[in-house]
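Notes follow the structure.
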Amino acid sequence: MESVNKIVVVLQQHDKDEAALERGLELSKRTGGHIVAYLRGAEQIEGVAMLKDPEKGPAIRAALETDKHAYIDQLIEKYNAKDVVTERVIDWEEHPFVGIIRTVLKHKADLVIKESRHHSRLKTLIFTPTDWHLLRKCPTPVWLTHGQTNAAPQRIVAAVSSVYVDEIYQKLDARVLAYTRFMAQCFDAEIKVVNAYSVVPLGISLDGTGIYQDEYLLDLEKQHHEQTVALAEKYGIASKCVETRNGETPHVIAEAAREFNADLVIVGTVARQGI
């Protein structure tokens, strides 16, 4: 059974609204968990380097810490979160992801919530280097969010493989579905489980195109769908909530999320140092 007892929320300070904190507070209401408020002491590498100046560094750091603590105090008052935000971290690491991961380990956190930039022209999330490092190296699940989604997710898409090449993928899908079920119960949300698969041609025709047989295509889709349904049912997710689609995984997930009007997508990767 998944649990979220402690959440590291990465604050931005320069934003009008703290989307990550809002989601952390919504989740804490339902789990009884507490929040560790994480805030960078200096935003830029140049600023961190300046703190190493033996003469000016200590005074600059003290002034920044006063400002950062005042900002967190304002947030606690704004969101009436005195009993939820139990710990504060002002981080001075040169690279933000290092400070975030060390905070996770020190406070034995179960989840990291961080806001990611949204580019209105491209209509897409633009992940920063910090986001990518967290996705690769953070030992806990990472929730990347932006202010345009519901703070209390009502529709969740879970992406799984179902037909495994390696045991590690089986364990990954199990974790994804367990976490999906947990989050859906927390927020009383609807679930859509999506499995993407690609069709390999049986052969190549004279004009260079792939050769497929209708029976082969139907059997392949049936195999994937049945295995995905069986996997979902192990976690109490009904077969009507399962979809199997032919196509490239990123496109299928994005398409399903748009159609389902999802507030949250839960997906795993084995290209990580953490779980």
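- What you find for C138 and V104 is that their closest heavy atoms are SG-CG2, 4.3 Å.
- Separation of atoms NZ (K192) and CD (E190) is listed at 8.5 Å; rounding is to 0.5 Å.
- Judged by distance alone, with hydrogens and angles left aside, the side-chain atoms of N195 form no donor-acceptor pair with the main-chain N or O of T244 at under 3.5 Å.
- Annotation for A256 and V194: closest pair CB-CG2, 3.6 Å, computed over non-hydrogen atoms.
- Between F187 and W143, the ring planes lie perpendicular to each other; the angle is over 60°, past the 30° to 60° tilted range.
- Between the side chains of E18 and Y71, at least one donor-acceptor pair of N or O atoms lies under 3.5 Å.
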So F97 and R136, side-chain contact (heavy atoms from CB on, under 4.5 Å) or not? Walk me through it.
CA-CA 10 Å; F97 78 92; R136 283 293 182 91; over 6 Å; no
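- The existence of a salt bridge linking D188 and R30 is excluded, since no basic side-chain nitrogen approaches an acidic carboxylate oxygen closer than 4.0 Å.
- No more than 12 heavy atoms of other residues, nucleotides or ligands sit less than 6.0 Å from atom NE2 of H251.
- Following chains of ILVMFWY side-chain contacts shorter than 4.5 Å, one cannot reach I253 starting from W132, and the two form parts of different hydrophobic clusters.
- No hydrogens or angles considered: nothing links the side chains of E87 and H34 as a donor-acceptor pair under 3.5 Å.
- Minimum interatomic distance between G268 and V176 (heavy atoms only, all atoms of both residues): N-CG2, 3.8 Å.
- At least one donor-acceptor pair under 3.5 Å links the side chain of D173 to the backbone N or O of S161.
- Under a 3.5 Å cut-off, the side chain of Q154 and the backbone N or O of A152 do form a donor-acceptor pair.
- Between I101 and P139 the shortest heavy-atom distance is CG2-CD, 4.1 Å.
- Taking a cutoff of 4.0 Å between a charged side-chain nitrogen and a carboxylate oxygen, D91 and R40 qualify as a salt bridge.
- Side-chain atoms of S3 never come within 3.5 Å of backbone atoms of N5 as a donor-acceptor pair (strictly under, hydrogens ignored).
- Side-chain N/O atoms of T140 and D110 include no donor and acceptor closer than 3.5 Å.
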Between R88 and D73, is the salt bridge (charged side-chain N to carboxylate O under 4.0 Å, His left out) condition met? List the steps.
CA-CA 10 Å; R88 314 174 190 192; D73 287 341; 2.5 Å; yes
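- Nearest heavy-atom pair across S28 and I7 is N-CD1, 4.5 Å.
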Between T31 and C186, does a side-chain contact (heavy atoms from CB on, under 4.5 Å) hold up when you go through it step by step?
CA-CA 7 Å; T31 63; C186 285; 3.7 Å; yes
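- One distance of note links CG of L231 with CD of Q227; it measures 9.0 Å at 0.5 Å rounding.
- Contact record, H146 with E115: CA-CG, 4.2 Å, taken as the closest heavy-atom pair.
- By the 4.5 Å heavy-atom criterion applied to side chains, Y38 and L11 are not counted as neighbours.
- Put simply, CG on L111 and CG on L27 are 6.5 Å apart, with the number rounded to the nearest 0.5 Å.
- Cluster membership check: I35 shares its hydrophobic cluster with F182, using side-chain heavy-atom separations under 4.5 Å among Ile, Leu, Val, Met, Phe, Trp and Tyr.
- The closest side-chain heavy-atom distance from V242 to H225 is below 4.5 Å.
- Ion pairing between E243 and R245 holds under the 4.0 Å rule for side-chain N and carboxylate O.
- To the nearest 0.5 Å, the span separating CZ on R181 from CD1 on I266 amounts to 12.0 Å.
- Between E22 atom CD and N150 atom CG the span is 10.5 Å, to the nearest 0.5 Å.
- Residues passing the side-chain hydrogen bond (donor to acceptor under 3.5 Å, both in side chains) test with T103: none are found, sequence neighbours excluded.
- Of the candidates V36, I100, V10, V89 forms a side-chain contact (heavy atoms from CB on, under 4.5 Å) with just one, namely V36.
- Placement of L39 and V84 within a single hydrophobic cluster is found when ILVMFWY residues are connected by side-chain heavy-atom separations under 4.5 Å, directly or transitively.
- Hydrophobic clustering (ILVMFWY, side-chain heavy atoms < 4.5 Å, transitive): L25 and I72 are in one cluster.
- Using a distance-only test at 3.5 Å, with no hydrogens or angles considered, no donor-acceptor pair links the side chain of R175 to the main chain of K171.
- Going from atom CD1 of I237 over to atom OG1 of T180 covers 6.0 Å, rounded to the nearest 0.5 Å.
- Looking at R102 and E93, their side chains come closer than 4.5 Å, going by heavy atoms from C-beta outward.
- Grouping the Ile, Leu, Val, Met, Phe, Trp and Tyr side chains by contacts below 4.5 angstrom, directly or via other members, places I113 with Y79.
- The side-chain heavy atoms of V4 and M183, taken from C-beta on, include no pair separated by under 4.5 Å.
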